[in-house]
2 protein chains.
Amino acid sequence: MNMLKEHGRMYGYEITQKVKELTDGKIQITEGALYPTLHSLEKSGELDVEKEYFGKRLRKYYKLTPQGQTTVAQKVDEFSDFIVTMKALLDLGPKLSNG
Amino acid sequence: MNMLKEHGRMYGYEITQKVKELTDGKIQITEGALYPTLHSLEKSGELDVEKEYFGKRLRKYYKLTPQGQTTVAQKVDEFSDFIVTMKALLDLGPKLSNG
DNA sequence: AAATATACATAAGTTTCTAATGTATGCAAA
DNA sequence: TTTGCATACATTAGAAACTTATGTATATTT
């Protein structure tokens, strides 16, 4: 969801490629993980979808709803907290102080 | 496993309490998650166990084997890398630079 | 022409977690 | 004194979330 926050609207395949690019291939989002998640987020009102054809190929562009924007902000905050907690728990201060 | 690296030998229940304490209750390790993991790590040679009685209550003290120490160092490094990657991906630099 | 990339989707199987349940001892409060 | 909470182990059913494989179809590169 953070991808959509940063890049506006994106379609599924685009998300997999962008994440791969931004993480130097370290994180690969598989279709089996992504598509069901997108469908689920759409169903729960976090995402809106717009179907468009690029040539003859269908693209489903997803964007955050207002509710989705709130959720992303929340999730990112939770993840930040988690990192802080884990840094303390694993004593990662030295290694990550400027990583 | 990092708990054992920091604190020498520990028994299961002690690990749950220590993690809870160090994370201000934010991370709760449940027994259903912990005990099978400890058994599995023992079986695969990462941990050694020593059974002792504290009064009439059994405690199973676990400690890292040499192999286990290598593995912990590796896993912690991997997790550090993951955090760095996620910070870049989620643009968490500002929020966590001194968090 | 064949292989690779783009673009969607689902399904089987695995892993891994939570929640629930079980056994038993130790201790403190009602 | 007995009731409840903490200590200490363990297993299991069910849920969640993932990977791998498979399927359909178009576009591009070799």
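Quick note: numbers below take in every heavy atom, side chains included, and nothing from hydrogens, waters or symmetry partners.
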**Message:** One character per nucleotide, please: for nucleotides 15-30 of chain D, 5' to 3', B when the base has a protein heavy atom closer than 4.0 Å, S when only the sugar-phosphate does, - otherwise.
**Reply:** ----BB-----BS---
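- Within residues 18-27 of chain B, no residue is approached by DNA chain D to less than 4.0 Å at the level of any non-hydrogen atom.
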Distance-only donor-acceptor hits, side chain of residues 26-41 of chain B, under 3.5 Å, sequence neighbours excluded:
{"residue": "T37(B)", "atom": "OG1", "partner": "A33(B)", "partner atom": "O", "Å": "2.6"}
{"residue": "H39(B)", "atom": "ND1", "partner": "Y35(B)", "partner atom": "O", "Å": "3.3"}

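- Taking E50(B) as the reference, R9(B), K63(B) meet the side chain to side chain donor-acceptor pair (under 3.5 Å) condition, with sequence neighbours excluded.
- Between dT11(D) and Y35(B), no contact under 4.0 Å exists linking OP1 or OP2 to a side-chain N or O.
- Residues satisfying the side chain to side chain donor-acceptor pair (under 3.5 Å) criterion with Y61(A), sequence neighbours excluded, are R59(A).
- We find that CD of E50(B) is positioned 17 Å from C1' of dC9(D), with the value rounded to whole Å.
- Hydrophobic clustering of Ile, Leu, Val, Met, Phe, Trp and Tyr side chains at less than 4.5 Å, counting indirect connections, keeps V49(A) apart from L58(A).
- For Q67(A), the side chain to side chain donor-acceptor pair (under 3.5 Å) partners at least two apart in sequence or on another chain are E46(A).
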Which pairs would a plain distance check flag for residues 13-22 of chain B, meaning a side-chain donor or acceptor within less than 3.5 Å of a matching protein atom at least two apart in sequence or in another chain?
{"residue": "E14(B)", "atom": "OE1", "partner": "Y11(B)", "partner atom": "N", "Å": "3.2"}
{"residue": "T16(B)", "atom": "OG1", "partner": "Y13(B)", "partner atom": "O", "Å": "2.5"}

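- Residues meeting the side-chain contact (heavy atoms from CB on, under 4.5 Å) test with K43(B), sequence neighbours left out: none.
- For T23(B), there are no side chain to side chain donor-acceptor pair (under 3.5 Å) partners two or more places apart in sequence or in a different chain.
- A search for side-chain contact (heavy atoms from CB on, under 4.5 Å) contacts involving K56(B) returns nothing, not counting sequence neighbours.
- Taking every nucleotide of DNA chain C with any atom under 4.0 Å from a non-hydrogen atom of chain B, the first and last of them, 5' to 3', are dT18(C) to dG26(C).
- Dashed line: the shortest gap from a side-chain N or O of H39(B) to OP1 or OP2 of dT11(D) is under 4.0 Å.
- Remark: K75(B) pairs with T71(B), E78(B) by the side-chain contact (heavy atoms from CB on, under 4.5 Å) rule, at least two apart or across chains.
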